[in-house]
Amino acid sequence: MPPSDRIRDHAGQGATTVAAHRARRRLRADQARQLADLLRHQILTGGFTDDTLPHESTLATDYRASRNTVRLALDLLRAEGLVDRLPGVGTVVVAQKYPHGLDRLMGLAETLHEHGTVTNEVRTMGPAPAPAPVAERLQVTPGTDVLYIERLRRLNGLPLSLDLTYIPLDIGTALLGADLENTDVFRLLETITGQRLGHAEITLEAVNADTHSAAVLEAPRGAAVLMLERLTHLADGRPVDLEFIRFRGDRITMSGLLHRSL
């Protein structure tokens, strides 16, 4: 074989080897991500005794994965802040996410009452001209004053969410003297109006924390937070509460029960 052909043949074999190596790495990364998803579910549902994960070799056997794949999966969970490795102990759960249901219309304290005490730090509260998008959603004239409230909400003392709330002023005025530090706005709205809340339209998305939100939530700047936009209506259909809620994504998990309807 001419030297030039041997060189081309060797180069071709090298390219094949590199491609195969990259394919194996991608496959292992995919498998690690899949395993991390399964382990995350176990962690969030309290599936590990004493919050200690089984040994890597046990996880490898149970999930039919290689030790390298298990290590990569645990690295992903460690990067999320869910687990850590302690010398002489192993991999342990170091953070807890609290379940927030999406299939019932409830305030935060009502939702998380089984997990501790929710307290509210009212950072800003008072009348403010309604921006056009807010006025449209609340069905008031643009520029009309609405009640604006900014609250930092804590669960067991830890920052959980930053809530920005807009309420029509004819209802919101009665909130000015209310105990917003210890009471959900939902309960106060029902008391003030004499009506039950009816339904809410929600949108949930992940956004990066801006400088202000990150500082208030004590989260890293640019960290992903869960943004819940919610427009709540009274039982008679009137929109009364427009909220933009930024949850720390490392402390909350959203869930719901959906029924298929064609």
Quick check for you: to the nearest 0.5 Å, what is the distance between [X] atom [atom1] and [Y] atom [atom2]?
X	Y	atom1	atom2	answer
S161	L155	OG	CG	9.5 Å
R28	L35	CZ	CG	13.5 Å
L77	D84	CG	CG	11.5 Å
D51	T91	CG	OG1	12.5 Å
L217	L152	CG	CG	6.5 Å
L59	R64	CG	CZ	15.0 Å

Aromatic ring pairing H100/F247, orientation class (parallel under 30°, perpendicular over 60°, tilted between): perpendicular
Does [X] pair with [Y] as a salt bridge, N-O distance under 4.0 Å?
X	Y	result
D37	R40	yes
E229	R246	no
R123	E121	yes

Is it true that atom [atom1] of [X] has more than 12 heavy atoms of other residues, nucleotides or ligands lying nearer than 6.0 Å?
X	atom1	answer
R187	CZ	no
H199	NE2	yes
H113	NE2	no
E136	CD	no

Residue of the set D241, D163, L180 for which side-chain contact (heavy atoms from CB on, under 4.5 Å) holds with I149: L180
Sidechain-backbone polar pair: T58 side chain, P54 backbone, donor-acceptor under 3.5 Å: no
K97 (side chain) donor-acceptor with M254 (main chain) under 3.5 angstrom: no
Audit row: N120, V185, side chain to side chain contact (heavy atoms under 4.5 Å, CB included) steps and yes/no: CA-CA 11 Å; N120 310 308; V185 167; over 6 Å; no
Tell me the closest heavy-atom pair linking [X] and [Y], and the distance in Å.
X	Y	answer
A235	Q195	N-OE1, 3.7 Å
L162	S213	CD2-OG, 3.8 Å
P129	D145	N-OD1, 3.4 Å
L74	V83	O-CG2, 4.0 Å
P168	R238	CB-NH2, 3.4 Å
E110	D184	N-OD2, 3.3 Å

Flag the pair [X] / [Y] as yes when at least one side-chain heavy-atom distance between them is below 4.5 Å, and no otherwise.
X	Y	result
T183	L188	yes
N156	Y98	yes
T119	R153	no
V134	V140	no
F186	M106	no
L160	L108	yes
H233	L197	no
I245	M227	no

Criterion side chain to side chain contact (heavy atoms under 4.5 Å, CB included) on I252 and L226, from CA distance to verdict: CA-CA 9 Å; I252 202 80; L226 288 176; 3.7 Å; yes
Tell me yes or no: between the side chains of [X] and [Y], is some donor less than 3.5 Å from an acceptor?
X	Y	answer
H212	E150	yes
D50	T52	no
T69	S66	yes

Can [Y] be reached from [X] by stepping across I, L, V, M, F, W or Y side chains whose heavy atoms are under 4.5 Å apart?
X	Y	answer
V70	L39	yes
L175	L231	no
L102	L242	no
V122	Y148	no
L44	V92	no

Evaluation steps, salt bridge (Lys or Arg N to Asp or Glu O under 4.0 Å), between E56 and R71: CA-CA 7 Å; E56 290 177 0; R71 292 191 185 103; 3.1 Å; yes
Trace of the side chain to side chain contact (heavy atoms under 4.5 Å, CB included) decision for L228 with E243: CA-CA 8 Å; L228 177 66; E243 298 173 281; over 6 Å; no
Worked check of side chain to side chain contact (heavy atoms under 4.5 Å, CB included) between R251 and L158: CA-CA 9 Å; R251 292 180 179 163; L158 294 176; 3.8 Å; yes
